[in-house]
There are 2 protein chains.
Amino acid sequence: MNTTPKRKRSSGATVTTVQVAEAAGVSVATVSRFLTGVTRVSEAKREAIEAAIAQLDFKPNLLAASLKRGRSMTIGVLTQDVNSPFFTETVLGVEAALDGSGYEPLITSVHWNPKEEAERIRRLIARRVDGVIVLSGRLAEPALRRLAQQVPIVATGRQFKTSASPLRGLRLDNEAGGYLATRHLLELGHRQIAHIEGWPGTCDAAERLAGYRRALQEFGVDFDPHLVTSGNFSESGGLLAMNRLLDSGRSFTAVFAANDQTAYGARLALYRRGVRVPEDLALVGFDDLPASLYTTPPLTTVRQPMFEVGKLAAQTLLQLIEGGPAQPQMPTLSLMVRETTSRLR
Amino acid sequence: MNTTPKRKRSSGATVTTVQVAEAAGVSVATVSRFLTGVTRVSEAKREAIEAAIAQLDFKPNLLAASLKRGRSMTIGVLTQDVNSPFFTETVLGVEAALDGSGYEPLITSVHWNPKEEAERIRRLIARRVDGVIVLSGRLAEPALRRLAQQVPIVATGRQFKTSASPLRGLRLDNEAGGYLATRHLLELGHRQIAHIEGWPGTCDAAERLAGYRRALQEFGVDFDPHLVTSGNFSESGGLLAMNRLLDSGRSFTAVFAANDQTAYGARLALYRRGVRVPEDLALVGFDDLPASLYTTPPLTTVRQPMFEVGKLAAQTLLQLIEGGPAQPQMPTLSLMVRETTSRLR
DNA sequence: TTGTATGCGTTATCAC
DNA sequence: GTGATAACGCATACAA
């Protein structure tokens, strides 16, 4: 130990259970019992301890407790982008589910970087989190499975082969969402429906496209590859894609964008060119971000119940930690009909 | 200890430095030195330790290290709403500043609730975080100052009387922002300029209003209280306020909204009534949220450099932790002229 | 450079 | 119900 007392807070040295015990005239064990509530403590000692704690301004050290217990009562939450409503809404759901459970979330963001993702999980494990929730992770399944041997993991937006290891995937039916969006347009009379894809190569993008194709087929509309152009789930991607579509010379009366952000970008491209929505062109998004209620006009979109997904992820993880079975039932997608779609005239 | 081994991971019992030391044929101290890098270790032992670590799949326990060191190398970040771009952008700045410093952020959200805020900080202290960053906190100064005696705290969106305790406030000049927004409208020829206030009673709201009044005065325009109506920094508040303004019968050609979200709501009210922006009415926001680049049309707004604020907050906190002086220089606000404002015709 | 011994603050085991 | 005491896993003062 240093002789100089390492710059402590004003109150001087840290006060520990030992000092509380001394001041209260009991043993540390009793103080600990009082704190954890695991065993009954007599009324007299209880009061003495309470007084001592108040007088000394004692704050229990969770670090020490966690070390001893072997559990930290924290769960790590990895988000790709703290700046995206899509993720933050899920985090809200996680927080809601954890509230009152005794567990606390430890949120970090990894910026869509799989290497950073693995590194973060390792550091969380080093911190001895009791479980990890990965939102829309990009880490390969084998790597994830290896990590799951050290700590239970629940990942959203993914599916895994087996549920042997404490690893669960929570995946919404994106194909059904794409189908819902496209069918809505078809029902409104549209037949020339373009699609701005999501990030090429991702499951989400592929499944939404598949749903789009299934709806077309169901209505007897031929699939036209020229009406499909790729985006990247971002506003700028949507803007560029919309411009490409407009410049292609193909005619179309509706657009299904792979997500809301893509739709926002597409909307701006249309505004710039004086194309009215929905009079000249119908537009449907995917996600139902909070902002979609206040776009001009409010966006028709497929609602992803991310709050519920977050809640479910946390509940599933808790079950995994307790050693339960954990076979979660996924919520379903729904269509939010607003003002960017109207009957074809 | 339980006789049942408390459900350990597949690899069996946790592997510690002791076992690594045994396997490598050295002492625990040497293993520790290898891990921390505080002292040189001979090449031979170093290799032996590395081999042992790899073979045993050893993961250092940060909890134990933190307990021993008295520092956890984590800093707590309190955000009011993980779901708001305003906060999440600040968090990004914090992460950027912390990156490479050895410290890791521990993010939690407290939903604008001062009681929860205090409780969260206490729990963070229990976890022995080395510092706390509070984003737009609502906790009263005395309470905050008391907590700051236990751990250094940096709070954004606030100012404090003295800098005696390890507590710093980081506040942007909101008055200057309100002035900037209003002057822009005045320069475009507008004279009847309405204002939708922020949350009544908050500093931010009051200062932005003050800036609005100063600009009016500077241009010799009388302040008309009927052109000011209160909002609450949210979309729905902006929508309601805009409707009130429109229904009041007063004439005005421009609106300065207290923040971007308010402007989004106002924009929707205008769309619903067929009022064109900016042809019929100019609109200015405050914050420059990422979404404001993609509204229809893109929103003219006052940019709050929240990323920089987050960075500055983290840097200031780090200095506080090291015991430095820490008198941060705040960045300034700027106007982002986009497409919701035009010259009065 | 390396090893020994001790302690960080708490919880859990055991005997009373 | 209560009190000694031994861990939890790691870092460091000290001696070598």
Side-chain angles (χ1 to χ4, degrees), chain A residues 1-6 8 13-49 52-53 56-73 125-128 130 150, chain B residues 1-6 8 13-49 52-53 56-73 125-128 130 150:
Chain A
M1 267 295 126
N2 281 338
T3 45
T4 52
K6 205 166 51 182
K8 282 294 179 189
T14 323
V15 19
T16 74
T17 44
V18 179
Q19 306 175 39
V20 171
E22 281 172 4
V26 301
S27 73
V28 274
T30 306
V31 175
S32 177
R33 285 184 193 110
F34 167 82
L35 291 172
T36 57
V38 67
T39 311
R40 227 50 218 154
V41 181
S42 73
E43 195 55 36
K45 308 225 169 198
R46 152 187 219 85
E47 279 169 11
I49 293 172
I53 286 179
L56 296 173
D57 193 31
F58 165 76
K59 321 271 185 210
N61 185 332
L62 250 63
L63 240 46
S66 299
L67 175 61
K68 186 66 185 101
R69 282 186 167 129
R71 296 189 314 160
S72 64
M73 300 308 282
I125 292 176
R127 288 244 153 104
R128 293 304 188 261
D130 299 318
Q150 303 178 53
Chain B
M1 267 294 129
N2 282 337
T3 45
T4 52
K6 206 165 51 184
K8 282 293 178 189
T14 324
V15 19
T16 74
T17 44
V18 179
Q19 306 175 40
V20 172
E22 280 172 4
V26 300
S27 74
V28 275
T30 305
V31 175
S32 177
R33 284 192 269 263
F34 167 81
L35 290 173
T36 58
V38 68
T39 311
R40 228 50 220 155
V41 183
S42 73
E43 195 56 35
K45 310 228 168 197
R46 154 188 217 85
E47 279 170 12
I49 294 172
I53 287 179
L56 296 173
D57 193 29
F58 165 77
K59 320 271 184 210
N61 185 332
L62 250 63
L63 241 45
S66 299
L67 176 61
K68 184 68 184 102
R69 282 187 166 127
R71 297 188 314 162
S72 63
M73 300 308 283
I125 292 175
R127 286 245 153 86
R128 293 302 187 263
D130 299 318
Q150 302 178 53

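Every chain is numbered from 1, with letters handed out A, B, ... down the list of sequences.
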Shortest non-hydrogen contact from A/D130 toward A/M73:
OD2-N, 2.5 Å

Can you check the B/I49 CD1 to C/dG3 C1' distance for me, whole Å?
12 Å

Most 5' of A/T30 and B/P60 on DNA chain D, judged by nearest nucleotide:
A/T30

A/K59 NZ to C/dT10 C1', straight-line distance once rounded to whole Å:
17 Å

Establish, with yes or no, whether the OP1 or OP2 oxygen of C/dT10 is under 4.0 angstrom from a side-chain nitrogen or oxygen of A/T17.
yes

So, is B/T16 near the phosphate of D/dG9, with a side-chain N or O under 4.0 Å from OP1 or OP2?
no

Would you call A/T30 and A/V41 a side-chain contact if the rule is heavy atoms closer than 4.5 Å?
yes

Strictly below 4.0 Å: does B/T39 bring a side-chain N or O up to OP1 or OP2 of C/dT1?
no

Just to confirm, is there a sub-4.0 Å distance from OP1 or OP2 of C/dT6 to any side-chain nitrogen or oxygen of B/K68?
no

Can you tell me if B/T36 touches the phosphate of D/dC10, counting only side-chain N or O atoms and a distance under 4.0 Å to OP1 or OP2?
no

Determine: side-chain N/O of A/S42 to OP1/OP2 of D/dT2, distance under 4.0 Å, yes or no.
yes

Taking the minimum atom-to-atom distance to the side chain of B/F58, which one of D/dC10, D/dG3, C/dG9 wins?
D/dC10

Figure out the CZ/P separation between A/R33 and C/dT10, and round it to whole Å.
15 Å

